There are 2 protein chains.
Amino acid sequence: MATDSFLPPSGTRDFLAAESDVRERAFAAVREVFGRFGFQPLQTPAFERLEVLTGKYGDEGDKLVFKILRRGEHEATGEADLALRYDHTVPLARVVAAYGSQLPTPYKRYALAPVWRADRPGKGRFREFVQCDLDVVGTTSPLADAEVVSALYESLDALGVPEFRFLVNSRKALAGLLEVYGVPGDAGGGVLITLDKLDKLAPAAVVQELVDGRGLPEATAKGLVDDLTAPDATERIRKELEGSATGQEGLAEVDRLLALVAGIIPPERIAFAPNLVRGLDYYTGVIYEVTAPGMPGSIASGGRYDGLIGRMSGSDVPACGGSLGIERILPLLPSAGEQPAPALDVAVTVLGDALADEAFRMAAAIRRAGLRTGVYMGTSGKLARQLKWAADQGARFCLIYGEREREAGEVIVRNMASGEQTTHPVDQVAEHFV
Amino acid sequence: MATDSFLPPSGTRDFLAAESDVRERAFAAVREVFGRFGFQPLQTPAFERLEVLTGKYGDEGDKLVFKILRRGEHEATGEADLALRYDHTVPLARVVAAYGSQLPTPYKRYALAPVWRADRPGKGRFREFVQCDLDVVGTTSPLADAEVVSALYESLDALGVPEFRFLVNSRKALAGLLEVYGVPGDAGGGVLITLDKLDKLAPAAVVQELVDGRGLPEATAKGLVDDLTAPDATERIRKELEGSATGQEGLAEVDRLLALVAGIIPPERIAFAPNLVRGLDYYTGVIYEVTAPGMPGSIASGGRYDGLIGRMSGSDVPACGGSLGIERILPLLPSAGEQPAPALDVAVTVLGDALADEAFRMAAAIRRAGLRTGVYMGTSGKLARQLKWAADQGARFCLIYGEREREAGEVIVRNMASGEQTTHPVDQVAEHFV
């Protein structure tokens with residue numbers, strides 16, 4: 001095999017010690033916040049039965065599912081019976097269907113684990129990536145939406161994301177707006193998809209698409225786009241929505257959420273954004289996204305999606321939830337460039353085979369005192385070489401134990417930063433580090 | 001779909017909060033120990049390119065690999081191009097081949113993550129299970145073997161496994177024994193596989209298989225089995241091995257390991273076991289297994305395998321390592337039946353919509369003080385019902401905040417265990433919990 005064939009598969013990554021540390025620290029911080037909000041962990045298998053996943057992600061999504069070949073005598077059929085987890089929402093729906101009454105009500109769970117998508121790999125786009133979801137299942141209470149939003153906020157804060165902003169809207173406010181503009185119900189979904197492009201396309205291009213692609217009269221298209229892109233869009237839309245009961249309901253949802261998180265999220269970090277659409281069509285109430293300077297797209301998002309979870313079991317299960325774009329956030333963090341934790345606190349030299357046993361036992365004693373400790377395993381008997389090894393390991397201290405020290409029953413502790421050396425009885429060296 | 005189709009795929013498990021907590025606590029304890037020995041985490045992708053995995057696990061193993069169907073236009077071919085990780089050793093070999101010089105020397109890494117095998121699911125046997133490996137790559141030093149054995153010992157101790165014992169042997173001691181008995185070199189592998197059955201089959205059955213299946217003369221077969229099953233097997237074998245240089249070398253390896261870990265592992269917990277074979281054929285030096293009463297098979301194992309890691313890159317890379325059978329250990333732990341951590345420390349009642357905002361803000365303040373806090377999201381306005389919810393969540397405290405309390409600017413903190421209630425100003429309630 002060529003050297004390239006030792007790299008991980010396209011779109012996946014190996015995480016060596018330093019990256020692994022940065023990631024695990026970030027994950028731990030997020031878990032701690034979610035725990036404080038009373039969200040519980042849920043771990044589901046990496047793969048699901050194929051029929052659990054198919055038909056859940058639309059035609060485009062279905063193509064991105066990694067399917068697992070049947071095994072044994074069935075392998076030759078070329079058929080799949082399992083597929084890798086594509087997100088955490090479908091497994092959540094399955095778990096709610098399977099364990100319903102055993103779960104607390106409401107069921108507040110988080111999932112922080114990889115998902116797999118056969119997307120075209122690209123800059124910052126992976127085929128294996130960690131998705132971080134938290135959801136509240138089984139309640140229509142606006143407190144649930146407010147808890148998810150607050151937990152996302154506290155997570156971003158705990159991670160140290162320097163600048164970010166929540167944009168809040170409601171699917172009902174959008175529906176009300178379309179109603180006010182007389183957009184026919186069946187055209188609504190397509191119109192929203194086009195309006196969602198306002199953050200990428202020029203207003204004129206969006207108007208064009210609304211007319212040509214969605215069949216809106218030009219005046220309607222222009223009116224909608226003008227309203228949503230005006231400097232005073234918020235006020236305009238609030239006024240427009242006076243003409244729609246659904247729109248009024250949507251506005252009330254947004255205002256209720258903003259009121260609940262006031263005093264938790266500073267006012268400059270959250271606002272009503274009447275042009276926020278969110279691509280996915282399953283949202284039914286409040287929706288939100290978090291944007292951060294220097295990041296295209298969003299670093300967190302979520303909303304209420306009352307129909308989705310119950311669809312699998314054919315029951316009526318209200319739910320809301322959010323997702324933290326942890327893979328996109330990690331590179332933004334101040335800690336991302338930090339030096340990783342050193343491999344060792346204490347490095348122990350082995351200056352001759354006859355000294356190895358005692359060196360090894362000293363290392364064991366220091367480990368039991370809780371310090372990261374390693375013994376030299378190379379072939380050089382030279383102190384200078386072993387001190388270099390100690391430095392390479394990031395060790396703060398190095399134990400020097402040669403023939404002379406053995407005769408005296410002592411060991412030298414070298415402070416690697418200052419070069420200062422102190423001498424200790426062999427059987428008391430661990431206490432030095434307690 | 002029937003209810004059964006909401007269960008996870010055959011051989012896999014959903015981990016709800018309680019199980020997830022038990023498992024993560026155990027994993028954290030193991031990681032802490034490995035870290036103290038200077039082992040670094042390595043995380044590789046869930047899948048590898050198919051050609052990286054094929055031919056590595058023998059015919060039987062290859063059949064158990066979960067293969068991933070090619071995607072897009074290639075899906076119809078029914079061919080696979082990727083496969084789920086079957087163990088952590090092949091990914092380690094790939095990583096060593098890919099990043100060789102960037103890795104520390106020796107490279108001490110651990111992997112604690114799921115692997116997937118299409119094994120027949122059964123009692124305590126899963127298709128998705130966590131494998132926990134630690135390896136030292138790039139040194140022939142016996143200190144490396146001793147570190148792996150010590151780290152396994154300290155992990156079992158940290159996990160609280162009540163009783164266990166290390167059995168130690170060397171592949172060279174076994175080779176020496178076969179040499180002494182005049183077993184031809186090419187028959188050696190098969191003879192060892194049969195001898196490995198001594199812990200399951202009666203001695204006579206093993207003798208039979210050695211004669212019929214492996215073609216040994218009856219006297220040789222009987223001599224070998226008698227030696228290995230005698231009450232004084234250890235002494236007998238030590239004596240036999242005086243006739244073989246390889247055997248002597250093997251004994252020296254065993255004795256060196258025992259000497260290095262003396263004082264770390266109590267003598268009653270580790271012993272030379274001349275009849276220990278270990279199934280896998282890649283071991284080249286010291287081998288060991290850990291047995292525990294009440295558990296068939298072993299709960300940890302390992303050894304030196306100098307040829308394996310370098311095979312992928314065609315270079316010469318000495319290595320040794322061990323594996324902790326964490327999935328088999330978890331059910332043995334005293335904590336396995338323990339109550340999970342409660343979902344909440346503090347439960348906050350919401351006794352009317354008009355009181356929700358302030359209740360929510362009190363919850364936020366208490367969370368910031370670090371306590372797990374949740375607000376009531378159900379539909380009942382009744383205190384008794386909400387206190388039941390608080391109890392169900394395992395909350396130690398419940399905040400009671402009704403109209404009367406609001407008028408007084410106060411909130412009641414109820415100790416859920418004692419029923420004792422104290423009253424606090426609303427804006428100081430968080431301090432009560434600091």
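Chain naming here is simple, since letters A, B, ... match the order of the sequence lines and numbering starts at 1 in each. Everything numeric in this text was worked out from a predicted model, so none of it was measured.
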4.5 Å side-chain heavy-atom contact, [X] and [Y]:
X: A:V130; Y: A:R23; value: yes
X: A:R49; Y: B:S10; value: no
X: A:F39; Y: A:V136; value: yes
X: B:R109; Y: B:P41; value: no
X: A:L260; Y: A:V149; value: no
X: B:R31; Y: B:L112; value: yes
X: A:L50; Y: A:D81; value: no
X: B:D14; Y: A:R94; value: yes

Calculate, to the nearest 0.5 Å, the distance between atoms CE and OG1 belonging to A:M377 and B:T140 respectively.
11.0 Å
Could you have a look at [options] and say which one has the most heavy-atom pairs with chain A under 4.5 angstrom?
options: B:G38, B:P91, B:A146; value: B:A146
options: B:K108, B:K67, B:Q40, B:E32; value: B:K67
options: B:A76, B:P9, B:S313; value: B:P9
options: B:T379, B:V350, B:L143, B:I264; value: B:L143
options: B:T139, B:T12, B:D357, B:V65; value: B:D357

At a 4.5 Å cut-off on heavy atoms, which part of [X] comes close to chain B: side chain, backbone, both, or neither?
X: A:L344; answer: side chain
X: A:Y153; answer: side chain
X: A:T77; answer: neither
X: A:P8; answer: both
X: A:D353; answer: backbone
X: A:Y376; answer: backbone
X: A:R256; answer: side chain
X: A:L16; answer: both
X: A:V33; answer: neither
X: A:S150; answer: side chain
X: A:L64; answer: neither
X: A:V346; answer: neither
X: A:E147; answer: both
X: A:L103; answer: side chain

Where [X] and [Y] come nearest, the two heavy atoms and their spacing:
X: A:G374; Y: A:W389; answer: O-CH2, 3.5 Å
X: A:F66; Y: A:A118; answer: CE1-N, 3.5 Å
X: A:G55; Y: A:D62; answer: N-OD2, 3.3 Å

Heavy-atom pairs under 4.5 Å with chain B, option from [options] with the top count:
options: A:P104, A:A80, A:A144; answer: A:A144
options: A:R127, A:R13, A:E358, A:K63; answer: A:R13
options: A:R36, A:E128, A:R372; answer: A:R36
options: A:D345, A:L371, A:I366; answer: A:L371
options: A:A262, A:A93, A:A347; answer: A:A262
options: A:A364, A:G138, A:A46; answer: A:A46

Do B:F37 and B:Y110 have their ring centres less than 6.0 Å from each other?
no
Main chain of B:T373, side chain of B:R367: is a donor-acceptor contact present, judged purely on distance under 3.5 Å?
yes
With only heavy atoms counted, which part of [X] is less than 4.5 Å from chain A, the side chain, the backbone, both or neither?
X: B:L42; answer: both
X: B:Y107; answer: side chain
X: B:Q102; answer: neither
X: B:V96; answer: neither
X: B:V375; answer: both

More than 12 non-hydrogen atoms from neighbouring residues, nucleotides or ligands closer than 6.0 Å to CG on B:D392, yes or no?
yes
Steps toward salt bridge (Lys or Arg N to Asp or Glu O under 4.0 Å) verdict (B:E154, A:R368):
CA-CA 9 Å; B:E154 298 279 359; A:R368 290 208 169 144; 2.8 Å; yes
Which word best sums up how the rings of A:W116 and B:W116 line up, parallel for under 30°, tilted for 30 to 60°, or perpendicular for over 60°?
perpendicular
